[in-house]
Amino acid sequence: MPGCCAEVRAEGVKLLADGVSKRYGPVVALEPVRLEVRAGELLTLLGPSGSGKTTLLQIICGLVEPDQGRIFVDGRDQTDTPVHQRDVGLVFQNYALFPHLTVGENVGFPLRMRSVSASETKRRVQDALDMVQLGHLARRFPRELSGGQQQRVALARCFVYQPSVILMDEPLGALDKKLREHMQIEIKRLHRATGATIMYVTHDQEEALALSDRICLMNHARIEQIGTPGEIYERPLTAFAADFIGISTALRGRILGGMIETPEGRFHLPPEAVGVEGSDALLVIRPERLALGQGTNVIAGTVTESVYAGAETRLLFRLATGTDAVLRLPIGMPPPPIGAAVTATWEPGAAVMVPL
Ligand SMILES: Nc1ncnc2c1ncn2[C@@H]1O[C@H](COP(=O)(O)OP(=O)(O)OP(=O)(O)O)[C@@H](O)[C@H]1O
Ligand SMILES: [Mg+2]
């Protein structure tokens with residue numbers, strides 16, 4: 001319904017995408033989705049390439065018109081409001097800086113567009129540049145900066161006019177891993193300092209886990225699951241969610257007599273799992289929940305690889321059925337050699353069951 005949406009404002013919802021959808025000819029870019037973003041939260045749209053993340057973000061900022069549905073900000077219908085009149089800041093991967101303007105002039109640009117006075121602009125530009133630790137580079141031109149510094153200028157340019165909603169589409173996509181991690185911390189800090197509501201698009205699950213208050217997981221133009229990083233990692237609701245976030249050992253089977261029967265054996269279900277007798281399900285065990293040894297549930301296999309990753313070592317082994325399994329070795333334990341026979345166990349409550 002166009003106009004004011006009092007119910008939404010009352011609940012502390014900053015932004016509501018209410019039943020928005022988009023098609024391009026025969027391609028469904030976005031099925032009708034409903035998404036609420038709470039005031040002050042950092043919500044990530046996470047999903048594989050082509051799942052509709054950019055489409056949803058562009059509908060929210062007004063660059064793309066939805067086929068159906070409405071966009072509300074602070075309970076006000078913004079669907080027909082042009083991009084530049086929305087209280088929304090944008091940072092895109094290729095949101096190029098103006099090459100002929102200095103860093104300071106680039107950051108001041110949105111303020112000039114809003115007719116902010118020269119003295120006020122100067123102060124706010126300096127504050128914004130200090131916030132991203134580039135106060136000393138205000139006179140340089142973009143070509144005289146590294147990629148990471150340019151990205152920080154783009155962030156400062158977005159934060160400088162204090163939009164209450166900031167949309168970022170893969171803003172760190174072009175940076176190397178170390179710089180990405182540094183910038184993730186920077187974005188978290190800016191988020192905390194400004195209290196802005198941020199929607200952040202990425203297809204990198206580690207980035208989503210590290211940054212988000214909540215993750216909206218997308219797949220095939222739909223929302224697959226919405227939850228905190230912990231909820232999505234610990235309690236994936238679908239096989240896709242379990243597979244897309246983190247790594248795990250996945251055993252397919254059928255629920256029979258309160259157990260799950262799989263080609264790898266018959267296993268106890270997690271106590272809270274509500275499975276329908278006779279239905280197909282996937283048992284998902286995270287590497288840190290699986291340990292070498294014997295116990296209630298046991299799988300056996302042959303070591304195929306051990307992967308040292310500094311903070312942890314993962315042991316990969318293959319079960320007789322050909323299914324691959326992975327566990328995290330305790331700190332300091334030397335990995336068994338490749339080809340060694342191993343058994344591994346998990347507590348029933350440490351696994352997650354998802355319907356198939
Ligand atoms: N302007 C367009 N014309 C035609 N098809 C489009 C257009 N924009 C997007 N699509 C299609 O809509 C679907 C969703 O695209 P979208 O850009 O939203 O995906 P995405 O999740 O952002 O992917 P990526 O991670 O690769 O950026 C894709 O199949 C894409 O090819
Ligand atoms: Mg995209």
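Ligands are counted one by one from 1 in listed order, and the atoms in each one are counted from 1 as well.
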Looking only at protein heavy atoms, which one is nearest to [atom], and how far off is it?
atom                    : answer
atom 6 (C) of ligand 1  : Tyr24 CD1, 3.3 Å
atom 11 (C) of ligand 1 : Val27 CG1, 4.0 Å
atom 25 (O) of ligand 1 : Lys53 NZ, 2.7 Å
atom 17 (O) of ligand 1 : Thr54 CB, 3.6 Å
atom 26 (O) of ligand 1 : Ser49 OG, 2.5 Å

Contact check: Thr55 to the Mg ion (ligand 2), N/O/S below 2.8 Å: no

Within-cutoff protein neighbour (heavy atom, under 4.0 Å) for atom 2 (C) of ligand 1: yes

Residue Glu65 excluded, over 12 heavy atoms near CD under 6.0 Å: no

CD (Glu31) with more than 12 external heavy atoms under 6.0 Å: yes

Contact atoms of ligand 1, heavy-atom distance to Thr55 under 4.0 Å: 14 (C), 15 (O), 16 (P), 18 (O)

Per-atom contacts of ligand 1 with Ala29, taking only distances under 4.0 Å to non-hydrogen atoms: 12 (O), 13 (C)

Nitrogen or oxygen atoms of Gly52 and ligand 1 under 3.5 Å apart: yes

Min N/O separation Gly50 to ligand 1 under 3.5 Å: yes

Salt bridge (Lys or Arg N to Asp or Glu O under 4.0 Å) between Arg180 and Asp204, worked out: CA-CA 11 Å; Arg180 278 177 85 101; Asp204 178 341; 3.5 Å; yes

Ion pair Arg123/Glu120, N-O distance below 4.0 Å: yes

Glu36 with Arg214: basic N within carboxylate O range, under 4.0 Å: no

ILVMFWY network linking Leu43 to Leu46, side-chain heavy atoms under 4.5 angstrom: no

Arg157 vs Leu97, side-chain contact (heavy atoms from CB on, under 4.5 Å): CA-CA, chis, key distance, verdict: CA-CA 9 Å; Arg157 187 173 63 179; Leu97 302 173; 3.9 Å; yes

Derivation and outcome, side-chain contact (heavy atoms from CB on, under 4.5 Å), residues Asp213 and Arg38: CA-CA 10 Å; Asp213 294 319; Arg38 298 170 191 153; over 6 Å; no

